[in-house]
K.L.:
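Dumping the structure here so I can ask a few things about it.
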Amino acid sequence: MRNIAVIGGTGVYNPEALQGFKELLITTPYGQVACTTGVIADNQVTFITRHGAGHKTPPHKVNYRANIWALKSLGVEEIFATTAVGSLNKGMKAGHFVVCDQLIDFTKSRINTFYDTPERGVAHVDFSYPYCSVLRERVISCLEKSDINFHKTGTYVCTEGPRFETAAEIKMFKTLGGDLVGMTNVPESVLAREAEMCYVNVSIVTNMAAGISPTPLSHTEVVEAMAQSVSNMNLLIDAYIRNNDYTDLLTCGCSTAMKEFGGFKL
Ligand code: HPA
């Protein structure tokens, strides 16, 4: 039995698929986390909606530490995250899925570590490759069997938000090598690595980024574009969860990412 979590971004949520569906409220040192859990194809699966019920929590206010702590306390080993993004890359169009392989962090005010108390001490986790190499290959192999338009690599630029970017910022991100821009993958991916869990992010392009899009950006546009991709995302998540034939074992090293610092402890 695998122990998998899905952190669903804007609009992605599919609890009906769970056998023995249960709603949980998990207490962590950072606050409480609501999630749903159950079994799919012999695997324990937990869903968290990143922006909360009714999409009320903005990206800079998401309680990332509580979410990742809660999943760790449930014994989760694999996190499948979805994110809505704007595109800086003309080849990555609305509706395309991107299995990101790199990120650039432009957040400003978020607590991005579990290691900020004297008790925990100082730790500098290796983050050269922010996404789990094994989970990325698994997702790519599911996408190859589907009709979904997707890209095997992409660099995600994480901004602070909640405002959208300026055209000049987007131009700069493009010069720096960014393909996509979103507001949620940091610190979520960082904390997952510190907590020694495998983490993969599948971004859904909802719009061309500021200054590339011919029209001003709007949240409504993002939500409407997501709604069109949700059924594809749910198909992908389902295929990812149900495929238990993996022979790769977990050779990525995510589960021992903190060994230099004595391992991650709850
Ligand atoms: N910028 C930042 N975040 C986003 C965008 C965007 O253009 N689209 C969806 N999320």
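The first residue in the sequence is number 1, and the count goes up from there. Ligands are counted one by one from 1 in listed order, and the atoms in each one are counted from 1 as well.
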K.L.:
Tell me: protein heavy atom nearest atom 7 (O) of ligand 1, and distance?
P.N.:
N207 ND2, 3.0 Å

K.L.:
Which atoms of ligand 1 are found less than 4.0 Å from any heavy atom of T206?
P.N.:
8 (N), 9 (C)

K.L.:
Give me the residue, atom name and distance of the protein heavy atom closest to atom 4 (C) of ligand 1.
P.N.:
V181 O, 3.6 Å

K.L.:
If you count heavy atoms of other groups shown closer than 6.0 angstrom to OH of Y129, is the number above 12?
P.N.:
no

K.L.:
Should you measure from each heavy atom of L217, which atoms of ligand 1 turn up under 4.0 Å away?
P.N.:
7 (O)

K.L.:
Report yes if some N/O of A84 lies less than 3.5 Å from some N/O of ligand 1; otherwise report no.
P.N.:
yes

K.L.:
Taking the side chain as every heavy atom from C-beta outward, state whether V98 and M92 have any atom pair closer than 4.5 Å.
P.N.:
yes

K.L.:
Does anything in residues 64-76 pair up under salt bridge (charged side-chain N to carboxylate O under 4.0 Å, His left out), and if so which pairs, sequence neighbours excluded?
P.N.:
R65-D116

K.L.:
Any idea which protein heavy atom is nearest atom 1 (N) of ligand 1, and the distance to it?
P.N.:
E165 OE1, 2.8 Å

K.L.:
Please identify each residue that fulfils side chain to side chain donor-acceptor pair (under 3.5 Å) with R136, with sequence neighbours left out.
P.N.:
none

K.L.:
What's the shortest distance from atom 5 (C) of ligand 1 to any protein heavy atom, and which residue and atom give it?
P.N.:
G86 N, 3.3 Å

K.L.:
Aromatic contact between Y199 and F80, with the criterion being ring centroids under 6.0 Å apart: yes or no?
P.N.:
no

